[in-house]
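As structure tokens, the structure follows; a few thoughts come after it.
Not measured: the values here are computed from a predicted model.
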Amino acid sequence: QVQLVESGGGLVQPGGSLRLSCAAASGIIFSSATMAWYRQAPGKQRESVAVFSRNGGTGYADSVKGRFTISRDNGKNAVYLQMNSLKPDDTAVYYCNMILPGAREYWGQGTQVTVSS
């Protein structure tokens with residue numbers, strides 16, 4: 001079983017920055033994984049924020065494009081989300097997602113990001 005451990009959430013003022021981390025605590029071929037970040041605000045549906053595919057392609061939701069950057073370190077089995085110019089609308093629980101070959105999907109436990117003055 002793959003376990004994804006998230007960290008880096010917290011309280012930040014508008015315009016501030018946070019860096020989220022997600023590490024896979026398991027013996028997997030991490031380079032074979034497509035990684036993504038999702039977020040879910042209270043009363044809202046979970047939405048995709050950023051994706052980093054196994055072939056190196058990246059994609060972002062329009063709402064975060066230009067402010068968020070997804071990156072990965074296969075040697076550390078980790079994926080990161082650098083969040084800059086944060087807005088109150090970015091407040092949500094952020095989840096790390098992994099898709100492995102063979103239709104295997106895993107989720108992190110979620111980390112709270114709160115943007116408020």
Side-chain angles (χ1 to χ4, degrees):
Q1 288 286 335
V2 175
Q3 293 183 331
L4 300 177
V5 180
E6 300 181 35
S7 63
L11 174 64
V12 65
Q13 293 184 347
S17 298
L18 286 173
R19 184 174 186 257
L20 306 183
S21 298
C22 174
S26 182
I28 63 169
I29 305 176
F30 191 78
S31 61
S32 298
T34 289
M35 304 298 300
W37 288 96
Y38 287 73
R39 69 185 182 186
Q40 187 169 23
K44 304 292 185 179
Q45 291 188 329
R46 188 174 298 186
E47 63 175 347
S48 177
V49 175
V51 178
F52 201 135
S53 72
R54 62 176 61 88
N55 65 5
T58 59
Y60 299 91
D62 288 340
S63 59
V64 307
K65 192 174 298 182
R67 300 187 298 119
F68 291 11
T69 302
I70 187 171
S71 61
R72 66 192 292 166
D73 186 337
N74 291 339
K76 296 182 178 180
N77 285 5
V79 63
Y80 309 95
L81 186 67
Q82 179 67 46
M83 304 184 294
N84 299 324
S85 302
L86 283 163
K87 306 174 181 179
D89 286 348
D90 295 320
T91 297
V93 177
Y94 284 71
Y95 297 92
C96 176
N97 172 262
M98 170 186 287
I99 301 292
L100 290 171
R104 294 175 291 168
E105 184 176 22
Y106 303 91
W107 292 90
Q109 82 279 10
T111 185
Q112 177 71 47
V113 172
T114 302
V115 185
S116 179
S117 299

task: Would you name the heavy atoms of Cys22 and Leu4 that are closest together and state the gap between them?
output: SG-CB, 3.9 Å
task: State, yes or no, whether a side-chain contact exists between Val51 and Thr58 at a heavy-atom distance under 4.5 Å.
output: no
- prompt: Going by heavy atoms in the side chains, are Asn97 and Glu105 under 4.5 Å from each other?
  reply: yes
field: Test side chain to side chain contact (heavy atoms under 4.5 Å, CB included) applied to Phe30 and Asp73, step by step
entry: CA-CA 9 Å; Phe30 191 78; Asp73 186 337; over 6 Å; no
- prompt: When the aromatic ring centroids of Trp107 and Tyr38 are compared, is their separation below 6.0 Å?
  reply: yes
task: Give a yes or no on this: more than 12 heavy atoms of other residues, nucleotides or ligands lie within 6.0 Å of atom CD of Gln3.
output: no
message: Check whether Glu6 reaches the backbone of Cys96 with its side chain - one donor and one acceptor, N or O, closer than 3.5 Å.
response: yes
- prompt: Hey, quick one: are Phe52 and Tyr106 part of the same hydrophobic cluster, counting side-chain heavy atoms closer than 4.5 Å, chains of contacts allowed?
  reply: yes
Side-chain touch Ser116/Thr91, heavy atoms, less than 4.5 angstrom: no
Leu100 versus Ala33, closest heavy-atom pair with distance: CD2-CB, 3.5 Å
- line: Minimal heavy-atom distance between Met98 and Ala24, with the atoms involved, is CE-CB, 3.8 Å
query: Does atom CD1 of Ile29 have more than 12 heavy-atom neighbours, drawn from other residues, nucleotides or ligands, at distances under 6.0 Å?
result: no
query: Between Asp90 and Lys87, is the closest basic N to carboxylate O distance under 4.0 Å?
result: no
- request: Could you name each residue pair satisfying salt bridge (charged side-chain N to carboxylate O under 4.0 Å, His left out) that touches residues 18-35, not counting sequence neighbours?
  value: none
query: Has the side chain of Tyr60 got a donor or acceptor atom that lies under 3.5 Å from a matching backbone atom of Ile70?
result: yes
- prompt: Can you list every pair that meets salt bridge (charged side-chain N to carboxylate O under 4.0 Å, His left out) and has a residue in residues 42-54, with sequence neighbours left out?
  reply: Arg39-Glu47
task: Begin from the C-alpha positions of Thr111 and Leu20 and carry the test side chain to side chain contact (heavy atoms under 4.5 Å, CB included) through to its verdict.
output: CA-CA 8 Å; Thr111 185; Leu20 306 183; 4.0 Å; yes
- prompt: So which heavy atom on Pro101 is nearest to which on Ser32, and how close?
  reply: CD-O, 3.3 Å
- prompt: Nearest 0.5 Å, what's the CG-OG distance between Leu86 and Ser17?
  reply: 6.0 Å
Which side-chain N or O atoms in residues 74-83 pair as donor and acceptor under 3.5 Å with protein atoms at least two apart or in another chain?
from, atom 1, to, atom 2, distance (Å)
Asn74, OD1, Arg72, NE, 3.0
Asn74, OD1, Arg72, NH2, 3.4
Gln82, NE2, Asn84, OD1, 3.0

- request: To the nearest 0.5 angstrom, please state how far the CG atom of Leu18 sits from the OH atom of Tyr94.
  value: 9.0 Å
field: Beyond-backbone contact of Ser85 with Arg67, side-chain heavy atoms, under 4.5 angstrom
entry: yes
query: Is there a donor-acceptor pair under 3.5 Å between the side chain of Ser53 and the backbone N or O of Thr34?
result: no
